[in-house]
There are 2 protein chains.
Amino acid sequence: MPQNAEPLENLIDQFSRFPGVGRKGATRMAYEVMGMSNEQAMELAKAIEAAKTRLHRCRLCQDYTSGEVCPICASPKRDRSIICVVEAPQDIKAIERTHEYKGLYHVLHGLISPMDGIGADQLCVKELLARLDDQVKEVIMATSPTVEGEATAMYLAKLIKPLGIKTTRLAYGLPVGSSLEYADETTLYRAMEGRGEL
Amino acid sequence: MPQNAEPLENLIDQFSRFPGVGRKGATRMAYEVMGMSNEQAMELAKAIEAAKTRLHRCRLCQDYTSGEVCPICASPKRDRSIICVVEAPQDIKAIERTHEYKGLYHVLHGLISPMDGIGADQLCVKELLARLDDQVKEVIMATSPTVEGEATAMYLAKLIKPLGIKTTRLAYGLPVGSSLEYADETTLYRAMEGRGEL
């Protein structure tokens, strides 16, 4: 994108690159920056630079970290026999908030999507396969329940199962707190199919 | 706000300062920055710095500009007998989009709000009064139709009317394209009150 010569217009252009931020939202943000103290604005600019220069991918799980290996991969408390495969680093945060999972993670940094021209070679699949030593007993596919998430889970399962490692998928069903009335047919069908004994 | 030592958390903190951006939105934006090329991220950081360092307030209307006087105040094509008073610079953009108004503007950079401890002395009122020479025949109060917008318009009208300058207010009424059914009572009452002959 060519830089806009007008500083305010350029800033609006930059903010409107963010997904979910429209032209109006970007304009509001730009004016918000103008209303900040110089110190606050410089802190924001520095935070962007620092995040990009000080963080890189963990050698093992590919999550962002400032060390060579991320805190989860480095922790002696985590169960090294399970790897949970996710699309993006923010998915790790979501799973960690449940305080249930004690295994390791692996970030693919995307999903297979032929429509967008994204194949397995553009994802961190090689790095995942390299981690599958004798210690690993299970790989959980925790990609989203979308077409791309399914396709990626299937693809990886086909690669991993032959290695004699258990390959599992997150359960489908009704979201907790939701109303049956508003559930779509596919979800309801999957919830029925995956029903458990009481 | 103390800087967060963790670059990613710090960036999320910075983005969540924006109004209308929650923790989730800020997290998405931070990860979006991480997904950008280094070049793109540095462009964003530089755009923030450039907007803050290269722009300042127009000596006359107080809108942001890179010159001493903004393009509207400097234009010989604008009608110097009318000044339209707005709360914020983005309001100028909104009015300019109508392509109807040919006069000048004045930005207050806020509204009188006793609840938030904002009095007239914190707004650019002095700068407005200083502009009211013999050339000025009308001042349009284009503050929002909110309690604060009304109070500010009233306050300014009391100061400006004694100078023998016509003081007007934007019309109240039904928004174009809206349905009468969904109009609130106050708007409908004002629309009735301000009815015009056909």
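Within every chain, numbering begins at 1; the chains are lettered A, B, ... in the order of the sequence lines, protein sequences first and strands thereafter.
A:Tyr189 OH: 12 or fewer foreign heavy atoms inside a 6.0 Å radius. The environment of CD in A:Glu100 is sparse: at most 12 heavy-atom neighbours from other residues, nucleotides or ligands sit within 6.0 Å. Within a 6.0 Å radius of CG in A:Asn38, other residues, nucleotides and ligands contribute more than 12 heavy atoms. Around NZ of A:Lys102, the count of heavy atoms belonging to other residues, nucleotides or ligands within 6.0 Å exceeds 12.
Under a hydrophobic clustering in which Ile, Leu, Val, Met, Phe, Trp and Tyr are joined whenever their side-chain heavy atoms come within less than 4.5 Å, directly or via other members, A:Tyr155 and A:Leu163 fall into the same cluster. When the side chains of ILVMFWY residues are joined at heavy-atom separations under 4.5 Å, either directly or via intervening members, B:Ile83 and B:Ile165 end up in a single hydrophobic cluster. Cluster membership check: A:Tyr64 does not share its hydrophobic cluster with A:Ile72, using side-chain heavy-atom separations under 4.5 Å among Ile, Leu, Val, Met, Phe, Trp and Tyr. Residues B:Val86 and B:Leu111 fall into different hydrophobic clusters, defined by Ile, Leu, Val, Met, Phe, Trp and Tyr side chains chained together at heavy-atom separations under 4.5 Å. Hydrophobic clustering of Ile, Leu, Val, Met, Phe, Trp and Tyr side chains at less than 4.5 Å, counting indirect connections, keeps B:Met154 apart from B:Ile112.
Look at A:Glu9 and B:Lys93 and you find a salt bridge, because one of the NZ, NE, NH1 or NH2 atoms lies within 4.0 Å of a carboxylate O, short of that distance. The residues A:Lys46 and B:Glu49 are annotated as not salt-bridged, no charged nitrogen and carboxylate oxygen being separated by less than 4.0 angstrom. A salt bridge does not link B:Glu39 with A:Lys52: none of the charged nitrogens is closer than 4.0 Å to a carboxylate oxygen.
Contact annotation: the side chain of B:Val21 never approaches that of A:Val21 to less than 4.5 Å [non-hydrogen atoms, C-beta and beyond]. Looking at heavy atoms from C-beta onward, B:Met34 lies out of side-chain contact with A:Arg57 at the 4.5 angstrom threshold.
Proximity to chain B (any heavy atom under 4.5 Å) is restricted, for A:Met42, to the side chain, taken from C-beta onward. With a 4.5 Å cut-off on non-hydrogen atoms, B:Thr65 does not touch chain A at all.
Between A:Ala51 and B:Pro7, the shortest heavy-atom contact is CA-CB, 3.9 Å.
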- request: Verify side chain to side chain contact (heavy atoms under 4.5 Å, CB included) between B:Arg54 and A:Asn10, making sure each step is shown before the conclusion.
  value: CA-CA 12 Å; B:Arg54 289 184 42 203; A:Asn10 183 37; over 6 Å; no

Stepwise side chain to side chain contact (heavy atoms under 4.5 Å, CB included) check, A:Gln40 with B:Arg17: CA-CA 10 Å; A:Gln40 279 187 317; B:Arg17 281 183 180 180; 3.3 Å; yes

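Going from atom CG of A:Leu44 over to atom CG of B:Leu11 covers 7.5 Å, rounded to the nearest 0.5 Å. A:Arg28 CZ to B:Gln90 CD: the interatomic distance, rounded to the nearest 0.5 Å, is 9.0 Å.
Between chain B and the residues A:Pro89, A:Ser66, A:Ala88, A:Ala50, the most heavy-atom pairs under 4.5 angstrom are made by A:Pro89. Of the residues considered (B:Pro19, B:Ala41, B:Gly35, B:Gly25), B:Pro19 shows the highest number of contacts with chain A, using heavy-atom pairs under 4.5 Å.
For A:Phe15 and B:Phe18, the distance between ring centers is under 6.0 angstrom.
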